[in-house]
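Numbers here simply count residues along the sequence, with the first being 1.
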Amino acid sequence: MSGSPAVSRQEFDAIFAAVRTWGRWVPADRGAWNRVTPDHVRRAAALVRSGTAVPLGLPWDTRTGPDNDRPALHHMTDLGDVEAPEPATYKDFIAADFHGKAVSHLDALAHVAYGGRLYDGRPAREVIDASGARFGSVAALGPLVTKGVLLDLPAVLGVDWLEPGQPVHARDVAAAERALGVTVDDGCAVLLRSGRFRRRRELGPWDVGAASAGLHVGAVPLLAERAIALLGGDGDSDLRPSPVEGVHSPVHVLAVAAMGVPLLDNLDLEALSAACAAAGRHEFMIVVSPLDVPGGTGSPVNPVAIL
């Protein structure tokens with residue numbers, strides 16, 4: 001797993017062309033979620049045995065830190081003194097600039113453009129302006145229920161966590177499948193655990209935008225071949241620093257802009273890791289229900305894995 005070979009822009013563009021699925025689906029702005037049929041949902045439901053539900057979202061984080069330079073907002077707007085005396089009501093306000101490293105969120109297809117083009121070749125400047133996105137918005141996605149697969153790399157390797165900057169290659173994905181007895185296949189959601197939040201709890205926060213474990217771009221063609229519908233992890237799926245010169249988030253580019261695969265970023269996978277180990281299986285039903293934000297490029301989300 002060690003080593004992060006550099007990838008030239010020419011090599012990266014060749015990977016982009018090889019995994020691209022433009023023109024494949026209608027509606028195009030649901031991208032790879034079009035793969036998930038009622039049969040996939042029934043397959044996922046068949047994985048529910050104990051009925052254990054594991055939430056994957058992080059707590060709403062209002063504290064500034066090395067991995068949270070844009071803290072979420074939360075304040076009270078009614079302390080029981082705004083309306084008539086009975087019943088007393090208490091209300092609050094929340095907001096977040098969620099495309100960062102501290103909020104669990106879903107990236108819709110309007111979030112990433114490469115060479116000025118969103119997924120399906122749509123010119124970003126023609127379909128996104130100050131009012132939001134007219135193509136690829138999170139409102140186009142709706143909820144997703146499908147089979148989830150946890151690739152628990154620290155468990156496979158017998159370590160507490162992957163170190164920041166440690167790449168995950170295609171061979172590591174295949175080895176994790178064998179070790180965990182799982183299969184990454186069509187329409188599934190792949191969740192990559194690096195152990196980020198165990199490391200954070202034990203060693204403290206760090207700037208994950210500068211250094212984080214994640215997928216090397218060379219692993220993405222394998223996921224494309226398997227026809228996945230969703231990719232996520234306890235980071236943002238990208239290896240940092242990037243191995244591709246001039247492209248700071250190459251896995252985002254390949255997944256979102258080329259393959260039409262939405263991303264789940266900043267999941268807390270520690271409880272799921274423990275639940276999967278206890279159950280002796282790393283496949284489950286996953287439910288993802290983003291907010292219906294017309295024109296939104298994504299949404300805060302709290303996915304649920306059900307074993």
Carboxylate-amine/guanidinium contact Glu126 Arg134, below 4.0 Å = no
Of the options Leu192, Val220, Val168, which is the one that meets Val173 in a side chain to side chain contact (heavy atoms under 4.5 Å, CB included)?
-> Val168
Report yes if some heavy atom in the side chain of Pro221 is under 4.5 Å from a heavy atom in the side chain of Met259; otherwise report no.
-> no
Between Thr77 and Tyr90: side-chain donor-acceptor atoms closer than 3.5 Å | no
Mark yes or no for whether Asp129, through its side chain, and Ser131, through its backbone, hold a donor-acceptor pair below 3.5 Å.
-> yes
Side chain Arg281, main chain Leu47, donor-acceptor under 3.5 Å = yes
Spacing of Leu56 atom CG and Ser104 atom OG [to the nearest 0.5 Å] = 8.0 Å
Are side-chain heavy atoms of Leu162 and Leu157 found at a separation under 4.5 Å?
-> yes
Whether Phe12 and Tyr114 hold their rings parallel, tilted or perpendicular, with breakpoints at 30° and 60° = perpendicular
Quick check: does any side chain N or O of Asn68 sit under 3.5 Å from a backbone N or O of Arg63, one acting as donor and the other as acceptor?
-> yes
State the OG1-CZ distance between Thr37 and Arg35, to the nearest 0.5 angstrom.
-> 12.0 Å
Given the rule in the side-chain hydrogen bond (donor to acceptor under 3.5 Å, both in side chains) test, do His40 and Asp186 qualify, once you have shown the distances and angles that lead to the verdict?
-> CA-CA 9 Å; His40 289 89; Asp186 71 288; 2.7 Å; yes
Tell me whether Leu222 is reachable from Val190 by hopping between hydrophobic residues (I, L, V, M, F, W, Y) whose side-chain heavy atoms are closer than 4.5 Å.
-> yes
Would you tell me whether Asp236 and His252 have side-chain atoms, one donor and one acceptor, within less than 3.5 Å of each other?
-> no
Do the non-hydrogen side-chain atoms of Asp61 and Val103 ever get within less than 4.5 Å of each other?
-> no
Decide yes or no for Pro71 and Leu73: does some side-chain heavy atom of the first lie under 4.5 Å from some side-chain heavy atom of the second?
-> no
For the student: nearest non-hydrogen atoms of Val54 and Ala275, plus distance | CG2-CB, 4.0 Å
So does Arg226 pair up with Asp185, basic N to acidic O under 4.0 Å?
-> no
List the atom of Val36, the atom of Ala229, and the distance in Å for their closest heavy-atom pair.
-> CG2-CB, 3.8 Å
Answer yes or no: is there a donor N or O on one side and an acceptor on the other, between the side chain of Glu11 and the main chain of Ser8, under 3.5 Å?
-> yes
Between Gly260 and Thr21 the two heavy atoms that sit nearest each other are N-OG1, 4.3 Å
Give the C-alpha distance, both sets of side-chain angles, the deciding distance and a yes or no for side chain to side chain contact (heavy atoms under 4.5 Å, CB included) between Leu230 and Val288.
-> CA-CA 10 Å; Leu230 178 65; Val288 183; 3.9 Å; yes
Residue pair Arg20, Tyr119: steps toward the side chain to side chain contact (heavy atoms under 4.5 Å, CB included) verdict = CA-CA 9 Å; Arg20 187 171 56 195; Tyr119 178 70; 6.0 Å; no
Do you know which two heavy atoms are closest between Arg193 and Ala155, and how far apart they sit?
-> NH1-N, 4.3 Å
Stepwise, does the side chain to side chain contact (heavy atoms under 4.5 Å, CB included) test hold for Thr52 with Ile306?
-> CA-CA 6 Å; Thr52 301; Ile306 307 169; over 6 Å; no
Measure from the side-chain N and O atoms of Glu283 to the backbone N and O of Lys147, and report whether any donor-acceptor pair falls under 3.5 Å.
-> no
Donor-acceptor under 3.5 Å (Trp60 side chain, Ala72 main chain) | no
Taking all non-hydrogen atoms of both residues, which atom of Gly218 and which atom of Ala170 are closest, and how far apart?
-> O-CB, 4.0 Å
Hey, are the side chains of Arg9 and Val244 touching, using non-hydrogen atoms and a 4.5 Å cut-off?
-> yes
With no hydrogens and no angle check, is any side-chain donor or acceptor of His105 less than 3.5 Å from a backbone partner on Phe98?
-> yes
Kindly give the heavy-atom pair with the smallest separation between Leu118 and Ile128, and that separation in Å.
-> CD1-CD1, 3.8 Å
Side chain of His111, backbone of Leu109: donor and acceptor closer than 3.5 Å?
-> no
So if you build clusters from Ile, Leu, Val, Met, Phe, Trp, Tyr with side-chain heavy-atom gaps below 4.5 Å, do Leu215 and Val112 land together?
-> yes
Could you tell me whether the side chain of Val156 reaches within less than 4.5 Å of the side chain of Leu151, counting heavy atoms only?
-> no
Do Phe284 and Leu264 share a hydrophobic cluster, counting only Ile, Leu, Val, Met, Phe, Trp and Tyr and linking them when any side-chain heavy atoms are less than 4.5 Å apart?
-> yes
So how far is it from Asp120 CG to Arg117 CZ, rounded to the nearest 0.5 Å?
-> 10.5 Å
Non-hydrogen side-chain atoms of Thr146 and Ile286 separated by less than 4.5 Å = yes
Using the ring of Trp206 (Phe, Tyr or Trp, six-membered ring only), decide whether Arg199 places NZ or CZ under 6.0 Å from its centre and within 45 degrees of its axis.
-> yes
Euclidean distance, Leu180 CG relative to Asp152 CG, rounded to 0.5 Å | 6.5 Å
Are any of the side-chain nitrogens in Lys101 or Asp67 under 4.0 Å away from the carboxylate oxygens of its partner?
-> no
Are a donor atom and an acceptor atom from the side chains of Asp265 and His99 found within less than 3.5 Å of each other?
-> no
Is Glu202 salt-bridged to Arg198, cutoff N-O under 4.0 Å?
-> yes
Co-membership, hydrophobic cluster, residues Ile94 and Leu106, 4.5 Å side-chain = no
Side chain to side chain contact (heavy atoms under 4.5 Å, CB included) evaluation trace for Val287 with Leu144 = CA-CA 6 Å; Val287 179; Leu144 181 77; over 6 Å; no
Enter the distance from Leu150:CG to Leu272:CG here, rounded to the nearest 0.5 Å.
-> 5.0 Å
Side-chain heavy atoms under 4.5 angstrom apart, residues restricted to Ile, Leu, Val, Met, Phe, Trp, Tyr: same cluster for Met285 and Val301?
-> yes
Do the side chains of Leu307 and Cys276 get nearer than 4.5 Å, heavy atoms only?
-> yes
Glu177 side chain to Val184 backbone, donor-acceptor under 3.5 Å | yes
Between Asn266 and Arg196, is a side-chain hydrogen bond (donor to acceptor under 3.5 Å, both in side chains) present by the stated rule, with each step listed?
-> CA-CA 9 Å; Asn266 310 318; Arg196 170 190 171 187; 3.1 Å; yes
Quick one: does Asp234's side chain have a donor or acceptor within less than 3.5 Å of a partner on Leu267's backbone?
-> no
Step through the shown structure and confirm whether more than 12 heavy atoms of other residues, nucleotides or ligands are within 6.0 Å of CZ on Arg70.
-> yes
Classify the ring geometry between His216 and His169 as parallel (under 30°), tilted (30 to 60°) or perpendicular (over 60°).
-> tilted
Spacing of CG belonging to Leu231 relative to CG belonging to Leu191, to within rounding of 0.5 Å = 8.0 Å
